[in-house]
There are 2 protein chains.
Amino acid sequence: MDLEARLHADHGEELRLWLRMLTCTQLIEQRVRSRLREQFETTLPRFDLMAQLERVPQGLKMNELSRRLMVTGGNVTGITDQLEAEGMVQRVPVQGDRRALLIRLTSTGRKAFAEMAHQHEVWIAEALGGLSPREVDTLYTLLGKLKQHVARVQNESIGESA
Amino acid sequence: MDLEARLHADHGEELRLWLRMLTCTQLIEQRVRSRLREQFETTLPRFDLMAQLERVPQGLKMNELSRRLMVTGGNVTGITDQLEAEGMVQRVPVQGDRRALLIRLTSTGRKAFAEMAHQHEVWIAEALGGLSPREVDTLYTLLGKLKQHVARVQNESIGESA
DNA sequence: CATAGATAGTTTAGATGTCAATAATATATT
DNA sequence: AATATATTATTGACATCTAAACTATCTATG
């Protein structure tokens, strides 16, 4: 009973941290969403997809995009459809695999993204501006540790089920 | 140019931190979502709504729920509809204001939530288990600072536009 | 009291997200 | 070669989310 009470209390600390993490990310995300809409008439998922493509000039396959964005393939299909209709990206057949498609930024897309990316960086810097460089670094390090742990636990439980 | 380059680099630190925060929350959130679905056949938004109600036995008005969950009123209406259909919550008229409704957990809802909440706490503790108590505390403090800053900037920009 | 504006909740249209099923193609195995 | 299995992307059904319009009600002010 005593043990369980202490256990409960410990979990509480972690739960509080988790809820605070969620609050922070949601507050910032909502700011970014509304500014993308107001200033660029676009949305966060579209911006995120273009951001992935911008790093890889030759383009990315749908499944690779899906993995990087951490969303399902069906979702990527939908967002790609829209960006393609807007002329921001194009689907390019892959030599040697007729199932696959490379998604690439068009030159229009590259230009549009460059503007947005610059503003985006400013917004994020604004949002995180209350922290000193040292604090930013500490957070980055601790979240790196968290990320590794979560990724590891994820793989383990997949390992168990296999 | 030099200045701008340095500015760019500084923003980069913050951008990296932001992307890492997003990765962490998404990894953990997806674990929680899939477990809520597998083990309790429910969803995260429903769980979150019930979690808010659980703290306030007399119930919460729609607009208060909307504020606490940081989502739009229309969204709360939809999730409440479902939870009501499932018998987890009920809408109760408010004395003296025929516009307003109090949303309350039913006893069924309270029981269902208690089980889920316990498991949820364990999942979160698992996910954050790679951090020492001291690290949890540091993160909590730094994110508290971030939250305050973001909330303040939010209000300022609302103030500017008014 | 009358009416203007504010507030509470819902509805609608549309984007984003999931999961599961499907179609097309690739790969492996016999 | 023939067949089975795996992989790639799309589709369909549905839940979630937003923004904006709408209905009903309340409140303040003349």
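Reminder, nothing fancy here: chain letters follow the sequence lines and each chain counts from 1. Atom set for the values below is all heavy atoms of this structure, side chains included, hydrogens, waters and symmetry mates excluded.
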Subject >> Distance, rounded to the nearest Å, where B/Arg99 contributes CZ and D/dA24 contributes C1' >> reply: 9 Å

Original post:
Just to confirm, is there a sub-4.0 Å distance from OP1 or OP2 of D/dT8 to any side-chain nitrogen or oxygen of A/Arg91?
Top reply: no

Original post:
Under the criterion side chain to side chain donor-acceptor pair (under 3.5 Å), which of B/Arg33, B/Arg31, B/Gln26 is the partner of B/Glu29?
Top reply: B/Arg33

**OP:** Give a yes/no answer on whether the side chain of A/Asn63 brings an N or O atom under 4.0 Å of OP1 or OP2 in D/dT7.
**Re:** no

Original post:
Roughly, in whole Å, what's the span from NZ in B/Lys61 to P in D/dT25?
Top reply: 15 Å

Original post:
Is there a side-chain polar atom (N or O) of B/Arg98 under 4.0 Å from OP1 or OP2 of D/dC26?
Top reply: yes

Original post:
How long is the line joining CD of B/Glu41 and C1' of D/dA15, in whole Å?
Top reply: 15 Å

**OP:** Please tell me which of the listed nucleotides, D/dA9, C/dG9, C/dG17, lies nearest to the side chain of B/Thr77?
**Re:** C/dG9

Original post:
Is the distance from OP1 or OP2 of C/dT16 to the nearest side-chain N or O of A/Thr43 less than 4.0 Å?
Top reply: yes

**OP:** Mind calculating the distance between CG (A/Leu83) and C1' (C/dT16) to the nearest angstrom?
**Re:** 13 Å

Original post:
Looking at B/Gln82, does any N or O in its side chain come under 4.0 Å of the phosphate oxygens OP1/OP2 on D/dT16?
Top reply: yes

Subject >> Nearest-nucleotide pick for A/Pro45, side chain only, options being C/dT10, D/dT8, C/dT16 >> reply: C/dT16

Original post:
When all nucleic acid strands are considered with a 4.0 Å heavy-atom cut-off, which category describes A/Leu101: base, sugar-phosphate, or nothing?
Top reply: sugar-phosphate

Original post:
Are the side chains of A/Ile103 and A/Met62 in touch, meaning some heavy atoms are under 4.5 Å apart?
Top reply: yes

Original post:
Taking the nucleotide of DNA chain D with the closest heavy atom to each, which residue, A/Asp81 or A/Asp97, is nearer the 5' end?
Top reply: A/Asp97

Original post:
Of the nucleotides C/dA8, C/dT16, C/dC19, which one has an atom closest to the side chain of A/Ile79?
Top reply: C/dT16

Original post:
Whole-Å distance between C/dG9 C1' and B/Glu84 CD?
Top reply: 13 Å

Original post:
With a 4.5 Å limit on heavy-atom distance, are the side chains of A/Arg68 and A/Val56 in contact?
Top reply: yes

Subject >> Whole-Å distance separating the CG atom of B/Leu36 from the C1' atom of D/dT16 >> reply: 15 Å

Original post:
Rounded to the Å, how far apart are B/Leu65 CG and C/dG9 C1'?
Top reply: 12 Å

**OP:** Mind calculating the distance between CD (A/Gln95) and P (C/dT25) to the nearest angstrom?
**Re:** 15 Å

Original post:
Distance check: side-chain N/O of B/Asn75 vs OP1/OP2 of D/dT16, anything under 4.0 Å?
Top reply: no

Subject >> B/Arg110 and B/Glu54 ion-paired at < 4.0 Å >> reply: no

Original post:
Checking all strands, does B/Gly74 fall into the base, sugar-phosphate, or nothing category for heavy-atom contacts under 4.0 angstrom?
Top reply: base

**OP:** Let me see the working for B/Glu64 and B/Lys61 under salt bridge (Lys or Arg N to Asp or Glu O under 4.0 Å), right down to the final yes or no.
**Re:** CA-CA 5 Å; B/Glu64 180 62 15; B/Lys61 292 201 294 182; over 6 Å; no

Original post:
For DNA chain C, whose closest nucleotide is more 5', that of B/Ser34 or that of A/Arg46?
Top reply: A/Arg46

Original post:
Are B/Leu53 and B/Arg104 side-chain neighbours, meaning at least one heavy-atom pair lies under 4.5 Å?
Top reply: no

**OP:** Give A/Arg37 one of three labels, base, sugar-phosphate or nothing, depending on what nucleic acid heavy atoms sit under 4.0 Å from its own.
**Re:** sugar-phosphate

